[in-house]
Engineer: 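One structure follows; several queries about it will come next.
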There are 2 protein chains.
Amino acid sequence: MIASDCPVEWTMNYYGGIEAGGTKFVCMVGSGPDDVRAEARFPTTSPAETLDQAVAFFRQQAREVALAGIGVGSFGPVDLDPASPTFGFITTTPKPGWANTDFVGALRATVDVPVVFDTDVNAAALGEHRWGAAQHLDPSIYLTIGTGIGGGVICNGRPLHGLVHPEMGHMLMRHDRELDPFPGVCPYHGDCFEGLASGPAMKQRWGQPAETLPHDHPAWNIEANHIALALTNLILNYSPRRIVLGGGVMQNEGLFPLVRRRVQQFLNGYVQSPQILKEIEQYIVPPALENRAGVLGAIALAMESVGR
Amino acid sequence: MIASDCPVEWTMNYYGGIEAGGTKFVCMVGSGPDDVRAEARFPTTSPAETLDQAVAFFRQQAREVALAGIGVGSFGPVDLDPASPTFGFITTTPKPGWANTDFVGALRATVDVPVVFDTDVNAAALGEHRWGAAQHLDPSIYLTIGTGIGGGVICNGRPLHGLVHPEMGHMLMRHDRELDPFPGVCPYHGDCFEGLASGPAMKQRWGQPAETLPHDHPAWNIEANHIALALTNLILNYSPRRIVLGGGVMQNEGLFPLVRRRVQQFLNGYVQSPQILKEIEQYIVPPALENRAGVLGAIALAMESVGR
């Protein structure tokens, strides 16, 4: 079949994206933030039901447009090693029913297009790197602070994978117990970053959900302190050109100035960079793609896997 | 000129490497650990005198073989941004006389070959990645623990650069003051990693140089604790496939088993990887290139810049 035989929409490629979150799935077909053809959001229930909904969405789309591939940014832990027998699986997650779910296998068995698989935060990092708040800045980091804390990195042009994948939320940090005696909620590490600063940590610490705390509550200063300690270490480890902070806790935008000021205090002039010393408002920023960073990043995963 | 007109040595390319340390310079010409043509080591004195010695070495070599390029792995901080007016400079170092030294400029003005510039630890990371203890493992980290603490990373095929470059030695860490009440020696951060665990920190903490402390001295348990906390964070941030530990303090090889065990304790089973859970002896290792990792890595920088 040659292009001139095709209806117009068949002459260009579209890409699918799935942001697979612990609470909801977002599916999208398009080729960027200005070219979204279709989008669906539904709650994450059982793997069978949820993946069926995703497959139904893409099958419907594939009847109407040429789908060149699907990118997936998934909650985890996930297996990203193509040489592993459980490549493409969600592995040891505590989310009921989802441990050892063959995510990529389920898609490949039902939608006949290439599937690219990565973490939700690597997808969001790629989305922000390609179209958002960290455009063409390498390395750049996307960190989400919400129900959990996790980070993705774009480094030398691609998402960073490794032995498993980064688990920045579990960094062990300086903990000033005079400022915050809370022992943390992480079942593995107690007062790691996630144990001190995630949404559930804030809820347990203050006896109410973070989003109900008034903006002048002392909780926010303590939260800013924890986040800034973690960012300081990310800056010292990666020397990123930009850090994008998303997630539910960061919806309180009053946190940003507190975090930025403390990062400068913690670094104490050691990193002699104007981006940090003078322009930190443009250095530690919210996602420009807002709540579409993950799913657009998943589309970017599919596009970049075919060199687009 | 065609190959058959050339003396034998002219028909193959050699590469130069400089490991520029705060104490000594190592210069080498070769194409790998099994093909070292010449090597020179001399103390780091003034920039003019030291760079003159390096230039004299390479000029002499260039009379005898075709030098295709020189790689430099330098102490820092250094400016790695090719768009910066001070690219190739050692910038704000406290080392007397060396602040704002135009290292690359001095070489380019006197030796007519391409010069590639990076940190000493990125060069060592690349050397170990290409020929040593982290062969073809990506990402991999080289960390030196000695007079200072610094790290280099190979990530998605290349050394990691960023806003400046990683400064892992200044990570702010969990500090158990019951185990170690020492406030640290870092003039910027007090009890950051370098402030607690560098050679000078050990010397001030125990009143004698680290290398004179008996192997059963309690200092080593505390030192292992600090190093393991930092490695735990590096593992959580980068998910590296291997970590190579060099530098003077690590010459006490008894430290390795202590560090490995504590890394496992700190991670507490969170990272479900056999390399960490079962094979950590092959995961946290000394450099295979020993004290040539940096200079061989500098040669690798030159080679990789021309696609070799």
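Just so it is clear, the values below take in all heavy atoms, side chains as well, and ignore hydrogens, waters and symmetry mates. In the text below, chain A, chain B and the rest are named by the order of the sequence lines, each starting its count at 1.
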Engineer: So which residue, L267(B), V164(B), L172(B), ends up with the most heavy-atom pairs under 4.5 Å with chain A?
Structural biologist: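 Of the options given, most contacts go to L172(B).
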Engineer: Does NZ belonging to K278(A) count more than 12 external heavy atoms closer than 6.0 Å?
Structural biologist: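 Counting neighbours around NZ of K278(A), 12 or fewer heavy atoms of other residues, nucleotides or ligands fall under 6.0 Å, so no.
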Engineer: How long is the gap from CE on M173(A) to CZ on R174(B), to the nearest 0.5 Å?
Structural biologist: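 Here the interatomic distance stands at 9.5 Å.
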Engineer: Enter the distance from M171(B):CE to L234(A):CG here, rounded to the nearest 0.5 Å.
Structural biologist: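 Reported to 0.5 Å precision, the distance equals 10.0 Å.
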Engineer: Judged by atom type as modelled, is there a donor-acceptor pair below 3.5 Å linking the side chain of N156(B) to the main-chain atoms of R158(A)?
Structural biologist: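 Side chain of N156(B) to backbone of R158(A), a donor-acceptor pair under 3.5 Å: yes, one is there.
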Engineer: Which answer fits H170(B), side chain, backbone, both or neither, if we ask what part of it has an atom under 4.5 Å from a heavy atom of chain A?
Structural biologist: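 Backbone plus side chain of H170(B), per the 4.5 Å heavy-atom cut-off to chain A.
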Engineer: If you round to the nearest 0.5 Å, how far is NE2 of H161(B) from OG of S239(A)?
Structural biologist: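 So the gap between those two atoms works out to 10.0 Å.
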Engineer: What residue in G162(B), S140(B), G269(B) has the most heavy-atom pairs under 4.5 Å with chain A?
Structural biologist: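 Ranked by heavy-atom pairs under 4.5 Å with chain A, first place is G162(B).
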Engineer: Just so I understand: if I count every heavy-atom pair under 4.5 Å between each of D191(B), L137(B), I235(B) and chain A, which residue has the most?
Structural biologist: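 Looking at each option in turn, the highest pair count goes to D191(B).
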Engineer: Quick one: which of R242(B), Q272(B), H189(B) has the most heavy-atom pairs under 4.5 Å with chain A, could you say?
Structural biologist: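 Result: the option with the highest number of such pairs is H189(B).
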Engineer: Please classify the contact between C192(A) and chain B as side chain, backbone, both or neither, with a heavy-atom cut-off of under 4.5 Å.
Structural biologist: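 For C192(A), the backbone is the part near chain B, not the side chain.
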Engineer: If only atom types and distance count, is the side chain of N237(A) paired as donor or acceptor with the main-chain N or O of P166(B) below 3.5 Å?
Structural biologist: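 Not at all, since once roles are kept as given, no pair shorter than 3.5 Å links the two residues.
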Engineer: Once you measure the plane-to-plane angle for Y270(A) and Y188(B), does it fall in the parallel (<30°), tilted (30-60°) or perpendicular (>60°) bin?
Structural biologist: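 Perpendicular, since the angle between the ring planes exceeds 60°.
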Engineer: Rounded to the nearest 0.5 Å, what's the gap from CG on D81(B) to CZ on R241(A)? Could you check?
Structural biologist: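 Answer rounded to 0.5 Å: 6.0 Å.
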Engineer: In terms of heavy-atom proximity below 4.5 Å to chain B, should P159(A) be classed as side chain, backbone, both, or neither?
Structural biologist: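 Looking at P159(A), just its backbone touches chain B.
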Engineer: Would you give the length of the straight line joining atom CG of N233(A) to atom CG of L236(B), rounded to the nearest 0.5 angstrom?
Structural biologist: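 One gets 11.5 Å once the value is rounded to the nearest 0.5 Å.
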Engineer: Yes or no on side chain to side chain contact (heavy atoms under 4.5 Å, CB included) for Y283(A) and L163(B), after CA distance, side-chain angles and deciding distance?
Structural biologist: CA-CA 11 Å; Y283(A) 183 67; L163(B) 201 57; 3.6 Å; yes
Engineer: Identify which part of M168(A) has an atom lying under 4.5 Å from any heavy atom of chain B, answering side chain, backbone, both or neither.
Structural biologist: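 For M168(A), backbone and side chain are both near chain B.
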